[in-house]
Structures are given as structure tokens and as C-alpha cells.
Amino acid sequence: MTRTVTKAIFPVAGLGTRFLPATKSVPKEIMTLVDRPLVQYAIDEARAAGIKEFIFVTSRGKGALEDYFDTAPQLEEELRRKNKTDLLKVLNETAMESGQIAYIRQHRALGLGHAVWCARRLIGDEPFAVILPDDVIAAEKPCLQQMVEAYQETGGNMVAAMQVPWDMTPSYGILDVDQVNGKMVKIQDMVEKPAENPPSNLAVIGRYILTPKILSALDSVQIGAGGEYQLTDAIAQQINGEGVHGYVFDGKRFDCGTKSGFLQATVAFGLARDELHDDLDFFLRGLYVDSDMG
Ligand code: G1P
């Protein structure tokens with residue numbers, strides 16, 4: 001069984017209602033952290049991990065996403081004429097080769113498991129990654145790359161894992177840990193959004209490496225938490241088969257599916273930019289002084 005992972009699914013069909021009214025006309029994945037759309041961070045991470053084929057599961061109203069990955073001949077021509085080579089380079093870094101990227105519509109909002117299932121014919125019989133662009137992870141070595149390397153040893157299925165505050169466990173897929181081996185945890189059960197009695201506070205974060213068996217499990221998975229077909233439930237079925245590992249990644253994760261998480265990521269990624277750091281740092285320190293006085 002090959003352990004090379006070259007395909008990744010990006011489920012981006014969500015309505016983004018938490019960000020209304022902005023998401024009335026802008027897909028959430030195109031909203032920017034500093035100057036790059038959320039989805040660009042996910043693509044960069046996938047590329048670093050060796051992904052060559054990018055499969056987007058979209059929905060109505062996500063046209064801006066397809067345009068984003070298209071070439072922009074007029075803009076490029078204009079930049080060339082004005083000799084703006086630095087900006088041309090920025091554009092080039094976002095370019096996708098024809099045929100590298102595919103879009104599949106999820107016609108009904110039936111959950112993450114259903115979204116992944118929609119891409120089944122493009123995956124075929126090989127392991128694949130799933131990246132949820134809402135989960136933005138700042139790390140020296142990109143999170144999916146860490147996982148792909150660990151996966152060479154384990155095979156099977158792997159999910160990114162992170163401890164969350166106990167009161168947040170009802171918002172996540174939660175892992176029931178069998179054995180801990182450094183950053184790798186062997187899973188004996190997992191449960192999507194437990195309303196009570198979570199087996200731990202180790203949560204699934206939106207990075208997965210999955211075997212194609214997941215796709216057949218999704219054929220028959222029952223409706224789960226929130227009345228949706230859950231990816232977690234299909235993965236849990238593999239625990240006694242090919243196995244499931246959690247990988248406690250190095251890095252800082254931002255939940256850009258929430259306003260607070262998005263703002264935190266904006267500040268953190270802004271501070272990480274040389275050209276913005278000093279200004280922003282000065283401004284933030286000023287805010288603290290003002291609030292101390294206030
Ligand atoms: C999804 C998954 C959940 C996981 C979470 C991570 O939930 O279903 O298992 O813990 O992503 O962000 P969502 O946030 O889409 O409700």
C-alpha cells in the first residue's frame with residue numbers, strides 16, 4: 001500500500017453565516033488574513049506536504065473562489081507594463097497549473113462526512129488528505145507536513161489533535177486515547193461533539209490523512225451529531241481495522257471559523273510580518289495602556 005499522499009480535499013461549502021453580512025457576497029474562504037485569503041494558507045500548507053491535486057468541495061455562491069485560482073491576464077499585463085516585478089511574483093506564487101485543481105458541488109448541506117464523500121470519484125484508491133481551511137495553523141514546519149512524515153511510520157488513518165478547554169469539547173470531535181507515544185496517540189474511540197462525558201479533552205483539528213476505506217464507510221454511515229453525516233463517525237469505524245492515530249502537532253492553531261479566532265489570527269499573522277510588526281506592536285501596546293487607564 002502506497003503511503004504517498006498527493007491529493008487533498010478542501011471542504012468549502014459552508015455558508016459562513018457567522019460572518020454575515022460579509023459572507024452575503026464574499027465566500028468565507030476568500031476573507032483575508034492580512035493580505036492573503038484564508039484558502040491560500042491551506043493551499044500553501046498542502047503544497048509543503050507534497051500535495052499535487054487540490055479538490056474543492058464547494059456550493060452555490062463560491063464563484064469568487066474559482067476566480068481566485070484562475071489567471072488574471074489583464075492584471076498581470078498591467079503589472080508587467082509598470083515593471084512591478086515584486087507584485088507579479090506574489091501573483092505567481094498563487095498560480096495553479098491547469099488540471100491541478102478540481103471543484104465538486106455539494107448540493108445539500110449534509111455535513112463534513114457528506115462533503116468528503118462527494119469527492120470520492122476523484123480520490124479513487126489511494127490515501128488522501130483533508131484540510132479544513134477554517135483551522136489555520138502557524139507552525140515552523142507546516143502541520144500537514146508534520147503529519148505526512150509521521151504517517152510514513154504508521155500508515156492507517158491520522159487526525160491532527162490538540163488539547164482544548166474541557167468546556168469546549170462539545171464543539172469538536174473528541175479522541176478516546178489508548179496509548180501515547182510522544183506526539184502520536186493511538187485511538188480507541190472517537191466521538192463527534194459529545195454533549196456530555198467527553199472521553200478526554202483531546203480534540204480533532206481540521207487536518208486528516210485517510211485511507212480510501214473511509215469513502216466506502218461514508219457510503220453507509222448513519223446520520224450523526226447535529227443531524228449531519230459526520231466524518232468522525234466514518235473514521236471511528238476504522239479503529240479496529242487499519243487503525244486511527246491522533247498526531248499532537250507543533251504549532252499554534254487559530255479557529256478562523258469564529259470572529260474572535262479570525263481577529264486573533266489577523267493580529268498574530270500581522271505581527272509576524274517584518275514590514276508590519278513595529279507599527280502594529282506600537283498600536284497594540286498603546287491600546288493596553290489606554291485600557292489600563294480607562
Ligand atoms: C469539524 C469536525 C470536528 C473537528 C472540527 C475541527 O467540525 O466535524 O470533528 O473537531 O471540525 O475544527 P466543525 O467545526 O466543522 O463543526
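In what follows, residues are counted from 1 in the order of the sequence shown. Both ligands and their constituent atoms are indexed starting at 1 by order of listing. Note that these values count all heavy atoms, side chains included, but never hydrogens, waters or copies made by symmetry.
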Is Glu66 salt-bridged to Lys62, cutoff N-O under 4.0 Å?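 Salt bridge flag = no for Lys62 with Glu66.
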Can you check whether Phe56 and Phe69 have ring centres sitting under 6.0 Å from each other?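 Yes, the ring of Phe56 comes within the 6.0 Å limit of the ring of Phe69, centre to centre.
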Ring centers of Tyr208, Phe128 separated by less than 6.0 Å: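 Ring-ring flag for Tyr208/Phe128: false, centres at least 6.0 Å apart.
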Top protein contact for [atom], by heavy-atom distance:
atom                    : result
atom 5 (C) of ligand 1  : Val204 O, 4.0 Å
atom 11 (O) of ligand 1 : Leu132 CD1, 3.4 Å
atom 16 (O) of ligand 1 : Lys193 NZ, 2.6 Å

Is the ring pair Phe10/Phe54 parallel, tilted or perpendicular, if the boundaries are 30 and 60 degrees?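 Answer is parallel, since the angle falls under 30°.
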Where ligand 1 meets [X] - atom numbers and elements under 4.0 angstrom, heavy-atom basis:
X      : result
Arg253 : 12 (O)
Gly173 : 3 (C), 4 (C), 9 (O), 10 (O)
Glu192 : 2 (C), 3 (C), 8 (O), 9 (O)
Thr232 : 9 (O)
Asp135 : 6 (C), 12 (O)

Does the protein place any heavy atom closer than 4.0 Å to atom 14 (O) of ligand 1?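 When distances to the protein are checked, atom 14 (O) of ligand 1 has no heavy atom within 4.0 Å.
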Can you tell me if Gln100 uses its side chain to pair, donor with acceptor, with the backbone of Lys52 under 3.5 Å?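 Checked: pair present.
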To the closest 0.5 Å, what do you measure between CG (Leu132) and CD1 (Ile137)?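 CD1 of Ile137 is found 9.5 Å from CG of Leu132.
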More than 12 heavy atoms of other groups within 6.0 Å of Glu275 CD: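 Enclosed: over 12 neighbouring heavy atoms sit under 6.0 Å from CD of Glu275.
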